[in-house]
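Reviewing the structure listed below.
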Amino acid sequence: MIAESLLLADDSVPSLIATQAILENLGYQVSTTEDGISALALARSKHFSIILLEEGMPGLRGSEVIKALRRGDNPNRESSIFALTDTNDDIERRQIKACGATGLIAKPVDAVKLKAALGNKQPTQSQLDFDTLQTLKDDLGEDTASRLLVLFSKELEELLKRLEQSTTDHHRHNLRAVSHILKNSAALYGAHILADFARSLYDNPPLTTDEESRAIRMLASCCRNTLASLYLHHTSGE
């Protein structure tokens with residue numbers, strides 16, 4: 001099974017431990033921190049499929065971290081980011097949402113609330129062609145096909161890291177190298193949307209720095225969506 005990566009930040013240690021246990025039981029791979037400054041630093045260095053931020057953290061409030069991530073050039077600019085809050089004040093809740101929160105989860109947190117909130121963030125359209133996946137299983141067998149899909153997921157994670165490095169270290173050559181790999185490998189595993197986009201970038205490379213930056217972000221987003229679809233495919237047993 002491919003576990004989705006999740007960042008959880010909460011300055012209340014008992015709450016942090018309890019929420020982490022629930023999330024891990026739901027199948028997420030959880031990284032934790034206890035303050036907003038550390039959460040922002042971690043989110044700027046690594047991509048997470050989901051980020052959960054307690055609103056009242058010291059240093060930086062959850063909404064301040066969200067605002068920084070939405071406005072900055074970082075791996076989680078387009079990630080699903082939820083605020084954990086116990087406020088019932090409509091104005092405060094709207095202010096948190098206006099900072100770029102995907103949604104708000106009321107504290108105290110429990111499994112029902114988490115599943116209800118996080119379930120809504122899954123992509124509505126699969127990035128995988130299931131006929132291609134079925135052909136792969138028919139040709140190679142269920143076990144071999146499953147192992148290859150796990151290897152493809154790991155390859156995607158590594159390529160995503162290279163793309164994210166490009167946005168921070170300005171290694172623009174990574175775009176062409178990653179596009180070259182994905183235009184061939186992604187189609188083999190039914191990720192035709194990703195393969196077609198990578199092929200278009202490889203055949204028609206961006207001409208300006210701004211176009212390159214935009215293309216890198218778009219390809220990275222496509223990789224994340226494909227990883228999410230692979231995760232759903234594994235968990236659903238399709």
Lys/Arg N to Asp/Glu carboxylate O, E64 vs K67, below 4.0 Å: no
Check: S200 side chain, F197 main-chain N or O, donor-acceptor pair, under 3.5 Å: yes
Exercise: identify the closest heavy-atom pair between T226 and A191: CG2-CB, 3.9 Å
Non-hydrogen side-chain atoms of R94 and I91 separated by less than 4.5 Å: yes
Heavy-atom side-chain contact between P206 and L175 under 4.5 Å: yes
Rounded distance [0.5 Å steps], OG1 in T19 versus CG in D110: 9.5 Å
Gap separating the CD1 atom of I66 from the OG atom of S79, nearest 0.5 angstrom: 11.5 Å
Spatial distance of atom CG (D11) from atom CZ (R61) [nearest 0.5 Å]: 10.0 Å
Distance-only polar pair, side chains of S5 and H47, donor-acceptor under 3.5 Å: no
Distance, nearest 0.5 Å, that separates CG of N174 from CD1 of I216: 7.5 Å
Inter-residue atom distance D35.CG - L40.CG, 0.5 Å rounding: 10.0 Å
Donor + acceptor pair across side chains of S12, E54 (<3.5 Å): no
K183 backbone acceptor or donor facing R199 side chain under 3.5 Å: yes
Distance in Å, I50 CD1 paired with L23 CG, rounded so as to fall on 0.5 Å steps: 8.0 Å
L6 and I51, any side-chain heavy atoms less than 4.5 Å apart: no
Main-chain N/O of L42 paired to S45 side chain as donor or acceptor, under 3.5 Å: yes
Donor-acceptor contact present, side-chain S221 to main-chain R217, <3.5 Å: no
L133 side chain near T135 side chain, heavy-atom distance below 4.5 Å: no
Joint hydrophobic cluster, V109 plus L53, side-chain heavy atoms closer than 4.5 Å: no
Flag side-chain contact, heavy atom, 4.5 Å: M57 against D10: no
Donor-acceptor pair, side chain of N76 and main chain of K46, under 3.5 angstrom: yes
L8 vs S31 side-chain heavy atoms within contact, under 4.5 Å: no
R77 vs E164, salt bridge (charged side-chain N to carboxylate O under 4.0 Å, His left out): CA-CA, chis, key distance, verdict: CA-CA 11 Å; R77 185 173 183 174; E164 290 166 351; over 6 Å; no
Ring geometry between F152 and Y189 (parallel below 30°, tilted from 30 to 60°, perpendicular above 60°): parallel
Candidates E92, K107, R93 - the one meeting side chain to side chain donor-acceptor pair (under 3.5 Å) with T87: E92
ILVMFWY cluster, L230 and L182 together (side-chain gap under 4.5 Å): yes
Taking every non-hydrogen atom, the tightest pair across S179 and L219: OG-CD2, 3.8 Å
Short side-chain to backbone donor-acceptor contact, E55 and S63, under 3.5 Å: yes
Heavy atoms of other groups near D138 CG, more than 12 under 6.0 Å: yes
Smallest separation among heavy atoms of P108 and K113, with atom names: O-NZ, 2.7 Å
Exercise: identify the closest heavy-atom pair between T33 and S38: OG1-CB, 3.0 Å
Linked, directly or transitively: L60 and L52 (ILVMFWY side chains, under 4.5 Å): no
Minimum heavy-atom distance between L201 and A215, given as atom pair plus value: CD2-CB, 3.8 Å
Shared hydrophobic cluster for L156 and L163 (ILVMFWY, side-chain gaps under 4.5 Å): yes
Side chain R70, main chain G100, donor-acceptor under 3.5 Å: yes
Heavy-atom closest pair, residues S185 and E155: OG-OE1, 3.4 Å
Connected via hydrophobic side-chain network under 4.5 Å: L7 and F82: no
